[in-house]
Amino acid sequence: INEMEYTVTNVADNFNITLSRNYTGTTGVSSAYKFQYIAIGESDDRSILLNSVDGVNWNNHTLAETSLLVTDIIYENEKYLLSTLSTNNPMLTSHDGVVWLGQGESTLFDQQGFDDDYFDSSPESYPADSVNRIIYGSDGFYYGVGSIITRSVNGIEWYQQFDFGTKTFNLIYDIIEVNAKAFKGFIAVGSGNQILSGINTAAPDVTTCSVIITSLDGKVWNLQNPFLSRNGLRTIVSNSDIIVIAGENGKLWYSINGY
């Protein structure tokens, strides 16, 4: 993995609205799925959602009467998924982008016109974690990342696939599926603390470092060691030739094989 420099300018702190697929912003995200635009974000005291069919006229909806700190939204398999930083309500689902089901909630049979397969759906169930990013893989599974990596076949029932196995701070900010010539699988990136020495002492030597986790099948995940940098990693993109990771303090890294 090689390092480059980059500069980011004119980044708004408010809603980020785009037609791009699977765009993630700092305080709001949007998408143009199911013949409508959707933007999510926060007001002073609640989480809100805006939707529009033409991008000009917008309807305002309250997602929650408290701030959930929404982070991402996707639309796959006739279903919207929305992630938040709230450990009490980390994942919400919707079939129309307006009515949302949160943790422990389910749609009863015939109660609404979008029941899953016309049967009672299982309650929304996600481990108590903050979620920064959601993706849908070509393997037919949804993936979520925060302090752990989770996977779901239906976007409702989620199961942990990876944890760091340590009490030190670790957080995953982004995940993608890579289909490059030299690497095919999943890569997640983030930031964490690593103990350099004195692991069993009262005052260990701890440093902040990058986090890169890879998987070839979405089931088995491997944390890359040694760490790449003492800068955290925030986002990752790829095409068929190259993988690029953007980190803190104006750092870029690129790789052709993910290692």
Side-chain angles (χ1 to χ4, degrees), residues 20-24 29-36 38 40 70-84 89-97 99-107 109 112-127 129-163 172-190 212-223 235-240 243 257-258:
S20 300
R21 189 173 178 82
N22 293 341
Y23 173 81
T24 304
V29 297
S30 65
S31 54
Y33 305 124
K34 199 64 174 180
F35 313 111
Q36 66 175 327
I38 290 184
I40 57 176
V70 294
T71 55
D72 200 6
I73 184 172
I74 64 171
Y75 180 80
E76 295 288 350
N77 290 339
E78 301 295 317
K79 186 182 301 179
Y80 292 91
L81 277 74
L82 184 154
S83 61
T84 85
N89 210 358
M91 189 72 66
L92 289 78
T93 58
S94 173
H95 288 261
D96 61 2
V99 179
W100 293 83
L101 302 178
Q103 187 83 337
E105 298 177 329
S106 61
T107 303
F109 176 68
Q112 298 191 39
F114 44 76
D115 295 300
D116 288 339
D117 300 323
Y118 302 101
F119 291 95
D120 295 347
S121 64
S122 300
E124 181 74 34
S125 175
Y126 197 98
D129 191 34
S130 298
V131 183
N132 289 314
R133 186 82 162 93
I134 329 162
I135 65 167
Y136 183 75
S138 62
D139 57 357
F141 285 90
Y142 299 91
Y143 293 86
V145 295
S147 65
I148 59 176
I149 298 175
T150 59
R151 189 167 80 151
S152 172
V153 70
N154 57 15
I156 297 174
E157 299 166 294
W158 293 79
Y159 300 94
Q160 179 177 300
Q161 296 295 307
F162 172 86
D163 69 53
I172 305 165
Y173 292 108
D174 200 6
I175 179 175
I176 63 167
E177 182 175 9
V178 177
N179 190 23
K181 295 174 183 177
F183 182 90
K184 299 185 186 300
F186 298 89
I187 301 179
V189 298
I212 300 177
I213 312 162
T214 58
S215 175
L216 299 179
D217 59 6
K219 300 177 185 177
V220 179
W221 293 81
N222 297 293
L223 177 64
T235 190
I236 178 171
V237 295
S238 71
N239 59 23
S240 60
I243 305 162
N257 61 11

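Computed from a predicted structure; not experimentally measured.
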**Q** Does Y126 offer a backbone N or O that forms a donor-acceptor pair with the side chain of Q103 under 3.5 Å?
**A** yes
**Q** Give a yes or no answer on whether the side chain of S152 reaches the backbone of E157 with a donor-acceptor pair at less than 3.5 Å.
**A** yes
**Q** If we ignore hydrogens and angles and just use 3.5 Å, is the side chain of S83 paired with the main-chain N or O of D72 as donor and acceptor?
**A** yes
**Q** Which is it for R133 and V131 under the side-chain contact (heavy atoms from CB on, under 4.5 Å) test, yes or no, and what are the steps along the way?
**A** CA-CA 6 Å; R133 186 82 162 93; V131 183; 5.9 Å; no
**Q** Verify side-chain hydrogen bond (donor to acceptor under 3.5 Å, both in side chains) between N222 and T214, making sure each step is shown before the conclusion.
**A** CA-CA 5 Å; N222 297 293; T214 58; 4.9 Å; no
**Q** Kindly compute the distance separating OH (Y159) from NZ (K219), expressed to the nearest 0.5 Å.
**A** 14.5 Å
**Q** Might you work through the side-chain contact (heavy atoms from CB on, under 4.5 Å) test for L101 and S94, ending with a clear yes or no?
**A** CA-CA 6 Å; L101 302 178; S94 173; over 6 Å; no
**Q** Roughly how far, to the nearest 0.5 Å, is the CD atom of E124 from the CD1 atom of I156?
**A** 6.5 Å
**Q** For the side chain of S215 and the backbone of V220, is there at least one donor-acceptor N/O pair under 3.5 Å apart?
**A** yes
**Q** Is any side-chain heavy atom of I243 closer than 4.5 Å to a side-chain heavy atom of I236?
**A** yes
**Q** N89: which residues meet the side-chain hydrogen bond (donor to acceptor under 3.5 Å, both in side chains) condition with it, sequence neighbours left out?
**A** none
**Q** If you define the side chain from C-beta out and look only at heavy atoms, does anything of T235 sit under 4.5 Å from V189?
**A** no
**Q** Quick one: are P127 and I148 in side-chain contact, heavy atoms under 4.5 Å?
**A** yes
**Q** Hey, mind stepping through I187 and I175 against side-chain contact (heavy atoms from CB on, under 4.5 Å) and telling me if it holds?
**A** CA-CA 6 Å; I187 301 179; I175 179 175; over 6 Å; no
**Q** Ignoring hydrogens and angles, tell me if any N or O in the side chain of K184 forms a donor-acceptor pair with the backbone of A180 under 3.5 Å.
**A** yes
**Q** Once you round to the nearest 0.5 Å, how far does CG of N154 lie from OG1 of T93?
**A** 9.0 Å
**Q** Verify, without hydrogens or angle tests, whether N257 (side chain) and A182 (backbone) share a donor-acceptor contact under 3.5 angstrom.
**A** no
**Q** Taking F186 as the fixed residue, which of Y136, Y143, F162, F141 is the one that meets the ring pair (Phe, Tyr, Trp, His ring centres under 6.0 Å) rule?
**A** Y143
**Q** Nearest 0.5 Å please: distance from the CD1 atom of I135 over to the CZ atom of R151.
**A** 11.5 Å
**Q** I'd like to check S138 versus E177 (side-chain heavy atoms, cut-off strictly below 4.5 Å). Are they in contact?
**A** yes
**Q** With heavy-atom distances below 4.5 Å as the criterion, would you say the side chains of S147 and D129 are in contact?
**A** yes
**Q** Please round to the nearest 0.5 Å and tell me the distance separating atom OG1 of T71 and atom CD1 of I134.
**A** 6.5 Å
**Q** With no hydrogens and no angle check, is any side-chain donor or acceptor of H95 less than 3.5 Å from a backbone partner on Y80?
**A** no
**Q** Quick one: pull up OG1 in T150 and CD1 in I172 and give me the separation to the nearest 0.5 Å.
**A** 9.0 Å
